[in-house]
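Worksheet: the structure to be examined is printed underneath.
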Number of protein chains: 2
Amino acid sequence: MLTLKPDHSELVVLSILADTPSYGYAISKAVAARSEGHFKLAPSNLYPLLTRLEKQGLVTTNWEEVKSDTADPDADGRRRKWYRLSAKGQKRLAQHIDAYHRARAILEAFVTPAAEPRA
Amino acid sequence: MLTLKPDHSELVVLSILADTPSYGYAISKAVAARSEGHFKLAPSNLYPLLTRLEKQGLVTTNWEEVKSDTADPDADGRRRKWYRLSAKGQKRLAQHIDAYHRARAILEAFVTPAAEPRA
DNA sequence: CATGATATATCGATTTCGGATATATCGCAA
DNA sequence: TTGCGATATATCCGAAATCGATATATCATG
């Protein structure tokens, strides 16, 4: 039995991370860019999702300090939490893509206005 | 801004009703049939959904007694609640189909493994 | 007479979604 | 220099959808 409502946000984030490691804010921008502005991942959706991905071992993470040109060496710069797709995450992404394709095939029967043969 | 997670159940039910008026149990069977058994609409999903559709004026309803060949004239037969797509429901269905097509177009950029031009 | 199919419906737990809010830094322009 | 928008991460909460389980009752078949 297929779930016809896959977690699109998870698919989308994993897809972004499949290209290159990234961090939250950049991910949200990449999603907006790749969808040509049609899909927006709000912080309230993105960060809990990223935490879930981390807990499930689909991504690995590490913190990085953002260096500023004029920054005082002692100053705490902004921190970025980087996310990298794990092997497990790659498998999950493949599963998402497969599930999407199958769901799409099924839904075609419902979005095509009643042109099926009268068997 | 598109919602990338359209209510597939609603689209599916409206799509079934676009063909012909029907009732709950028959709708769930029709969904299973048209999806070749891949999509199952459980009663706990279907009936609250139908109630919502009715409240929103997307469908009109009426009860019908199911006559049995051997039934005592006084016996209460099973009751069917028929649902018919309203003009408003037809518009909603068209909106769902349009939203689905647009969401599908957007998601293509995410399910295609990183083969985009390096602009 | 018992079982499975027909037929409708609610309950509660879980998950998801979206808006609002919170904190803090950096870059730029008035 | 001051304030504003962008960068950056994160939580809270209310609304909505989903799912499993349960409930009731009739009909058809063996």
Distance below 4.0 Å between B:Arg80 side-chain N/O and C:dA7 OP1 or OP2 = yes

So does B:Ser9 get a side-chain nitrogen or oxygen closer than 4.0 Å to the phosphate oxygens (OP1/OP2) of D:dT18?
->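 Affirmative; the distance criterion is met.
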
May I ask you to check whether B:Arg34 and B:Ser15 show a side-chain donor-acceptor distance below 3.5 Å?
->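 Distance-only check passes for B:Arg34 and B:Ser15.
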
In whole angstrom, what separates [X]'s [atom1] from [N]'s [atom2]?
X	N	atom1	atom2	result
A:Glu10	C:dT16	CD	P	8 Å
A:Leu49	D:dA10	CG	P	12 Å
A:Arg79	C:dT25	CZ	P	11 Å
B:Leu41	D:dC19	CG	P	9 Å
A:Glu64	D:dT9	CD	C1'	14 Å
A:Tyr47	C:dG18	OH	C1'	16 Å
A:Leu46	D:dT7	CG	P	15 Å
B:Glu65	C:dT8	CD	P	12 Å

Any donor-acceptor pair under 3.5 Å from [X] side chain to [Y] backbone:
X	Y	result
B:Ser28	B:Tyr25	yes
A:Ser35	A:Ala32	yes
A:Ser86	A:Leu58	yes

Of the residues in residues 21-31 of chain A, which ones touch DNA chain D at a heavy-atom distance under 4.0 Å?
-> A:Tyr23, A:Gly24, A:Tyr25, A:Lys29

Can you find a heavy atom in the side chain of A:Leu53 that is under 4.5 Å from one in the side chain of A:Tyr83?
->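 They are not in side-chain contact.
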
Show your reasoning for whether side chain to side chain contact (heavy atoms under 4.5 Å, CB included) applies to B:Arg52 and B:Lys55.
-> CA-CA 5 Å; B:Arg52 283 203 304 274; B:Lys55 284 181 181 172; 5.8 Å; no

Option passing salt bridge (Lys or Arg N to Asp or Glu O under 4.0 Å) with A:Glu54 (candidates A:Lys88, A:Arg84, A:Lys81) =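 Of A:Lys88, A:Arg84, A:Lys81, salt bridge (Lys or Arg N to Asp or Glu O under 4.0 Å) with A:Glu54 is met by A:Lys81 alone.
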
Earlier contact from the 5' end, DNA chain C, for A:Asn45 and B:Asn45 | B:Asn45

Nucleotide nearest B:Ser44 (side chain, heavy atoms from C-beta), chosen from D:dA10, C:dT16, D:dC19 | D:dC19

